[in-house]
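Below is one structure, written out as structure tokens; the observations come after it.
Only heavy atoms go into these numbers, but all of them, side chains included; no hydrogens, no water, no symmetry mates.
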Amino acid sequence: MQRRTVCYLVGKILQVEALLLLLPVIVSLIYRESIHQLLSYAGTIALLVVIGTVCTLAKPKNMKIMPRDGIVTVALSWILLSFFGGLPFVFAGEIPNVADAFFETASGFTTTGSSILSDLSILGYSSLFWRSFTHLVGGMGVLVFALAILPSTGSDSVQLMRAEVPGPVFGKLVSKLAKTARILYAIYLVMTAILVIILMLVKVPLFDALLLSFGTAGTGGFSINNAGFAIYQNPEMVEWIIGVGMMLFGVNFNLYYFLLLGSIREVLTDEEGRSYIGIIAFASVAIFASLSIVQSQLDVPFRSVFFTVSSIITTTGYSTVDFGLWGVFPQVVLLLLMFIGGCAGSTAGGIKVSRVVIYFKNAIAEIKKMGQPRRVIMSKFNGKVVDDKMSSGIANYLLVYVAVFLVLLISVSIEAPDFLTAFSSVAATFNNIGPGLGEVGPTSNFSMYSDFNTILLSLGMIAGRLEIYPMILLFSTTSLGAFFISEK
């Protein structure tokens, strides 16, 4: 492993985080917060600048990034970003426990939305802003953001982007990777700005509109007040707007690029996109019908059902109702949506719709082969044959996913009060969703866990966001040994 190259790149990323932390400083000045609050962010910025400068003092002669170097750089960067990003909460005394602050910030950057906070009124304006802003940055990817704004380092940056962009397949929109990153972020930020404007048109204050849009765009879902949407003049319209917004941000952003190019046919025929919309429609109708027939006394409007389905499948985590009261069938459907997730190349988490579709197609093909062993049956996705390499990779991912899930579940089950709480705690964090069921439902939080499990779930969130392999490679003996000992 090229230790100096990894150190240099991580240093650059920490400098980017220092730059991003200037925004909550500006917010603190605008709202005239205490000097202690201001210094909490200024001190963190100074620390990041010093460490980032030390790491980047000597630029390596060889900036060629090998696949393992890129993967380790991404995983290490996300852990350090979450750690240093949580320090302002610790310094300000808002979240004095370092493990809890790490969890909160990891939840923000990974766009999970799980929280250890029971009372949001303890947070200042700057902290509320930074907490939600991490969703915006982490949604498309911190390193993708860095590639979009930093000058070219002459490195093979595709290894960084491949390790951070979720989905079974990575593809560049244009020949130059930096331009691809800029195109993706431009689409992302324009859509976010449009959402802010629409929310303001229905009388949502600018500050709230920004934070709600950050959470929706990044499919993160941090609450920004204790009262939810009820404090706004038109909460029903806000619920519809955020619900539709979450669904749109769960779509592969490559499709929006094709839409801008006028390739309507390519957008309409995208198999993952059509499956994604179909799953949302089916789940919304099925749950609403169940509530209308079996749980009619709850009187839940279709608007809230759609909002919840959109929030869960996109792994956003916003909630306007306590779906823990909906009964078994709706909760089973929602639990399945937690695992499915959004589309590849979106800001959503989960296994991804594309993988789920291919799993089903491969399973059907195998069943057909059992009846006709000599028949050659090839699964297709988006009109292309799913080759053995992709099928093997997708199958292996599921095995690794289940193995890591079980490790997290065993550890959490020691402290969880019941199986539903333990299972949904892991499902909600590992799939980057936010609220779970039971004692970690939409009206509760994750503060019950010890520092060890808090940190473990934090690492689980990062692993889920990076699709597992980068974190496994980082913590493997070979990688750690190569980073600290060998330069080869």
Side-chain angles (χ1 to χ4, degrees), residues 165-171 247 250-252 254-255 266 268-287 290 309-310 312-315 328-346 348-409 423-424 426-428 430-433 460 463-469 472:
V165 175
V169 179
F170 167 73
M247 181 180 68
V251 173
N252 190 328
N254 288 1
L255 296 184
E266 192 158 359
L268 295 177
T269 57
D270 181 72
E271 195 167 355
E272 183 182 36
R274 286 188 286 113
S275 300
Y276 169 72
I277 299 297
I279 292 170
I280 291 176
F282 175 79
S284 299
V285 172
I287 291 176
S290 171
V309 168
S310 182
I312 295 297
I313 195 171
T314 60
T315 69
V328 177
F329 175 77
Q331 290 185 35
V332 169
V333 174
L334 292 176
L335 201 60
L336 289 173
L337 296 179
M338 288 182 184
F339 288 95
I340 294 172
C343 298
S346 71
I351 294 174
K352 302 297 180 298
V353 173
S354 54
R355 284 197 183 98
V356 173
V357 171
I358 293 174
Y359 286 142
F360 274 102
K361 288 196 170 188
N362 285 345
I364 292 171
E366 288 299 317
I367 292 171
K368 289 180 178 179
K369 287 178 184 178
M370 290 175 65
Q372 298 173 295
R374 294 182 181 180
R375 184 181 175 187
V376 178
I377 302 175
M378 304 296 291
S379 300
K380 288 187 177 182
F381 184 73
N382 275 339
K384 298 178 181 178
V385 173
V386 179
D387 57 29
D388 292 340
K389 183 179 178 181
M390 178 178 286
S391 295
S392 176
I394 290 174
N396 290 337
Y397 178 82
L398 183 60
L399 290 174
V400 175
Y401 176 94
V402 172
V404 176
F405 190 97
L406 289 175
V407 170
L408 294 172
L409 180 60
F423 189 86
S424 64
V426 178
F430 193 37
N431 292 322
N432 306 136
I433 294 163
R465 171 60 180 82
L466 301 180
E467 304 211 318
I468 307 173
Y469 291 121
I472 291 178

*Less than 6.0 Å separating the ring centroids of F423 and F405?*
yes
*Checking S290 side chain against A286 main chain: does a donor-acceptor pair fall under 3.5 Å?*
no
_N396 and Y469: CA distance, side-chain angles, deciding distance, side chain to side chain contact (heavy atoms under 4.5 Å, CB included) verdict_ = CA-CA 11 Å; N396 290 337; Y469 291 121; 4.1 Å; yes
*May I have all residue pairs that pass side chain to side chain donor-acceptor pair (under 3.5 Å) and include part of residues 398-407, sequence neighbours excluded?*
Y401-N431
*Is there a donor-acceptor pair under 3.5 Å between the side chain of T315 and the backbone N or O of G350?*
no
*Value rounded to 0.5 Å, distance of OG in S424 from CG in L409*: 10.0 Å
_Where Y397 and E467 come nearest, the two heavy atoms and their spacing_ = CE1-O, 3.5 Å
_Going by ring pair (Phe, Tyr, Trp, His ring centres under 6.0 Å), name the residues that satisfy it together with Y276, two or more places apart in sequence or in a different chain._
none
_Let me confirm one number: the CD1-NZ distance from I358 to K352, rounded to the nearest 0.5 Å._
13.0 Å
*So which heavy atom on G341 is nearest to which on V353, and how close?*
O-CG2, 3.5 Å
*asked:* Test of understanding: with salt bridge (Lys or Arg N to Asp or Glu O under 4.0 Å), list the residues that count as partners of E266, not counting sequence neighbours.
replied: none
_If I compare all heavy atoms of G250 with all of A348, which pair ends up nearest, and what's the gap?_
CA-CB, 4.3 Å
*Identified side chain to side chain contact (heavy atoms under 4.5 Å, CB included) partner of I312 from the options I340, L337, L335*: L337
*S354 side chain to E272 backbone, donor-acceptor under 3.5 Å*: no
*asked:* Rounded at 0.5 Å granularity, tell me how far CG in L268 sits from CG in L255.
replied: 10.0 Å
*Approximate separation, where rounding is to 0.5 Å, of C343 SG and M247 CE*: 10.5 Å
_Any V309 side-chain heavy atom under 4.5 Å of I287 side chain_ = yes
_Spatial distance of atom CG (D270) from atom CD1 (I277) [nearest 0.5 Å]_ = 10.5 Å
*What distance separates I394 CD1 from L399 CG, expressed to the nearest 0.5 Å?*
12.5 Å
